[in-house]
2 protein chains.
Amino acid sequence: MTTAVCARKVPRGERRRMELVDIAEQMFLERGFADTSMQMIAERAGASKETLYRHFSSKELLFVEIVTRNALLVSGPDAAVARDGSPESVLSELGIGVLRIVLAANASRLFRTVVSESARTPELGDLFYQRGPAVVAARLTDYLARAAKRGELRCEDPQTAARLFLGAVMSNYHVRRLVQSDWKPPSEKEVRRHVEAAVSMFLAQYESRRPAGRKRLACRRQSLPAW
Amino acid sequence: MTTAVCARKVPRGERRRMELVDIAEQMFLERGFADTSMQMIAERAGASKETLYRHFSSKELLFVEIVTRNALLVSGPDAAVARDGSPESVLSELGIGVLRIVLAANASRLFRTVVSESARTPELGDLFYQRGPAVVAARLTDYLARAAKRGELRCEDPQTAARLFLGAVMSNYHVRRLVQSDWKPPSEKEVRRHVEAAVSMFLAQYESRRPAGRKRLACRRQSLPAW
DNA sequence: TTCTAAGCGAACCGATGGGTACGGTTAGCC
DNA sequence: GGCTAACCGTACCCATCGGTTCGCTTAGAA
């Protein structure tokens, strides 16, 4: 079976460690940090607490490892930015990607748990922010600066612009997801509609209409029949 | 002393109860819910746990009372909206007010604590959202609708518009405050500058240029001379 | 002054959970 | 086959905490 194949390369200890961290991640995301005991993790993994403690010196360290591993998830949808396409396409693609993640059950659970624990463990919150949201903001800022240099946008302060856009995209969805655990997140359709509105507002301010006046028109026109 | 004066009207039990809830609030905001034990609250109040439990049937109920009392704080800065001034003045006043609260130490601590506990007590998060953020959003939505009716703004979907604006105003400040406990919040100057940028972006999209002006075109035109 | 509700302190209960210790068991390498 | 390190199960230690009980004291109204 696969175990045999894996065993070829990965030593026993390493393998067990990975299994454990997987199980722990699953449970932390499911039930939060405080409500998941080491005993429960060990049980579900078919392990003993001692094994758990041999691999992770404390519950906190275990959680830190999981956060580190997952924070990047938030910075996932940056393919659009990397491609350096037109502002409209880049922004809507990025916006939809970000919003999707913010609304995803797992991500919001992780975020909630990080918030809970960052009071007790400040480095944790910092780590999360630096590896997650900050990365997205930085990449968007870079893109906006490049687009401005190319003359596609007119913005003197790309950092502020990026913050405005990301804020508008997340709007109160983020908060609701965080606080109202039984809130029914918007449909994919609504998400697209919201992001479109955000993009439209952003471009109304920052797009340089120089290159060709019709660009806007096209964009507008296109959104019209859609809804 | 004041005690004598107070005693005149407020019966002993009621007085003690208020003292207790004040102390508890202070401690919950300082150290969070989980890290504050009933014993500690009683001690700092110079009370016994029994007295505490005579007034509040459980720790959770005590916290709920405190959240209820504080959530309205978030909806405080709506005087601007009530006055029905020009969009620009209303938006910037509201924006600054909201952002100030979001950045305030106490409010962000409360929010963090609510997030932590809302996993265990869903009604709590709901309560907070309904009495806090939702109120602000609703009031702004109403204002935008009125302004649109007056012809000052052109927006067909005031709810989305309100969300976009509030999101842009809070941007990532909210999240950072929540997660990076040692983050140094921006200066008053930066706050004003950010809100100004948000207002400008919002108006670029939603301000009605001229009565005759057709939708998008007019709006685009307007942003040109601005920068 | 007297009577009662409110309050105090301290001990107590039951449960939970992080972390450790130990004796027996398995996997994997030589 | 034999050796070692990782592993399992269980029991255990210790601390905390929510919540209760009880005997005694105090405040304040009649």
Is the backbone N or O of [Y] less than 3.5 Å from a side-chain atom of [X], with the two atoms forming a donor-acceptor pair by type?
X	Y	value
Arg177(A)	Leu103(A)	yes
Thr121(A)	Ser118(A)	no
Thr36(B)	Gly32(B)	yes

What is the distance from [atom1] of [X] to [atom2] of [N], rounded to the nearest Å?
X	N	atom1	atom2	result
Arg54(B)	dG9(C)	CZ	C1'	13 Å
Arg44(B)	dG9(C)	CZ	C1'	20 Å
Arg15(A)	dA27(C)	CZ	P	10 Å
Leu52(A)	dC7(D)	CG	C1'	12 Å
Arg16(B)	dT26(D)	CZ	C1'	12 Å

For residues Arg112(B) and Leu178(B), report the shortest heavy-atom separation together with the two atoms involved.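 Looking at all heavy atoms of both residues, the closest pair is NH1-O, 3.0 Å.
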Is any NZ, NE, NH1 or NH2 atom of the basic residue among Glu60(B) and Arg120(B) found under 4.0 Å from an Asp or Glu carboxylate oxygen of the other?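 Between Arg120(B) and Glu60(B) there is no salt bridge, as every charged N stays at least 4.0 Å from the carboxylate O atoms.
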Under a 4.0 Å N-O cut-off, is there an ion pair linking Arg193(B) with Glu190(B)?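 No salt bridge links Arg193(B) with Glu190(B).
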Partners passing side chain to side chain contact (heavy atoms under 4.5 Å, CB included) against [X] (at least two apart in sequence or in another chain):
X	result
Thr113(B)	Phe33(B), Phe63(B)
Ser57(B)	Leu61(B)
Arg163(A)	Gln159(A), Thr160(A), Ser171(B), Asn172(B), Tyr173(B), His194(B)

With a 4.0 Å cut-off on heavy atoms, is Ala47(A) in touch with a base, just the backbone sugar-phosphate, or nothing at all?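 Answer is sugar-phosphate: Ala47(A) comes under 4.0 Å of backbone atoms only.
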Would you say Gln26(B) has more than 12 foreign heavy atoms packed within less than 6.0 Å of its CD?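 Yes.
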Under the salt bridge (Lys or Arg N to Asp or Glu O under 4.0 Å) rule, what do Asp22(A) and Arg69(A) come out as? Steps first, then yes or no, please. CA-CA 11 Å; Asp22(A) 280 345; Arg69(A) 183 166 112 160; 2.8 Å; yes
Residue-phosphate contact under 4.0 Å: His55(A) side-chain N/O, dA6(D) OP1/OP2: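 So the side-chain polar atoms of His55(A) never come under 4.0 Å of the phosphate oxygens OP1 or OP2 of dA6(D).
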Bend angle of the helix from dT1(C)-dA30(D) to dC30(C)-dG1(D), from helix axes over five pairs at each end, nearest 10°: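 End-to-end axis angle for the helix from dT1(C)-dA30(D) to dC30(C)-dG1(D): 10°, rounded to 10°.
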Give the residues of residues 20-28 of chain A touching DNA chain C, defined as any heavy atom closer than 4.0 Å, sorted by residue number.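 Nothing qualifies; none.
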With the sugar-phosphate defined as primed atoms, P, OP1 and OP2, and the base as all remaining atoms, what B/S/- string results for nucleotides 14-24 of chain C, 5' to 3', for protein heavy atoms under 4.0 Å? ---SBBBBB--
